Amino acid sequence: MSKKKKKQKMLTDKGFQLFYGNLSTRRQLIRNIWVTAVGLVIFVAAWMQGIMNENILLLLLVVFTGSQAYQIGRNWLAWKEEKKKLDKQRREQEKQKKP
């Protein structure tokens, strides 16, 4: 069995997983969406409290939002590709079962 297949079998799709790299692409996508929502709430709270200089806060917000948008897009595309491959495998298995 190749390393890639072993790694895919080890990925967690249910339950707790401490490390981001061990999550399936679907779970990575869900995690990124939650982190983005929580991060934006933290930025709003920091802005309202006046904790930082507004220019630095705006710069951090742009960097955070851009990186999260990239991660969400990348994980969404990978998840769709994975889903397409699984559907194709499922259809091939059904064809083999039919006489």
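Everything numeric in this text was worked out from a predicted model, so none of it was measured.
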Review point. Taking atom CD1 of Ile30 and atom CH2 of Trp79, what is their separation to the nearest 0.5 Å?
Key: 8.0 Å

Revision key, fill the gap. Interatomic distance, NZ@Lys80 vs CG@Leu29, rounded to 0.5 Å, equals 9.5 Å

Check your understanding: Do the side chain of Gln68 and the main chain of Asn32 share a donor and acceptor less than 3.5 angstrom apart?
Key -> yes

Study note, to complete from the structure: The reported gap from CD in Glu92 to CD in Glu94 (rounded to nearest 0.5 angstrom) is 11.0 Å

Check your understanding: Are the side chains of Arg27 and Arg31 in touch, meaning some heavy atoms are under 4.5 Å apart?
Key -> no

Point to revise | Transitive ILVMFWY side-chain link Phe43 to Val35, under 4.5 Å | key: yes

**Study point:** Joint hydrophobic cluster, Ile51 plus Val44, side-chain heavy atoms closer than 4.5 Å
**Key:** yes

**Study point:** For Thr36 against Ile72, the heavy-atom pair lying closest together
**Key:** OG1-CD1, 3.6 Å

Check your understanding: Rounded to the nearest 0.5 Å, how far apart are CD of Gln28 and CD of Gln71?
Key -> 8.0 Å

Point to revise | Joint cluster assignment, Met48 & Met52, ILVMFWY side-chain distance < 4.5 Å | key: yes

Under 3.5 Å, sequence neighbours excluded: what are the donor-acceptor pairs made by side chains of residues 57-67?
residue : atom : partner : partner atom : Å
Thr65   : OG1  : Leu61   : O            : 2.7
Ser67   : OG   : Val63   : O            : 3.2
Ser67   : OG   : Phe64   : O            : 3.0

Point to revise | Pair Arg90 + Asp87, salt bridge at N-O below 4.0 Å | key: yes

Check your understanding: What is the distance from atom OG1 of Thr25 to atom CZ of Arg74, rounded to the nearest 0.5 Å?
Key -> 10.0 Å

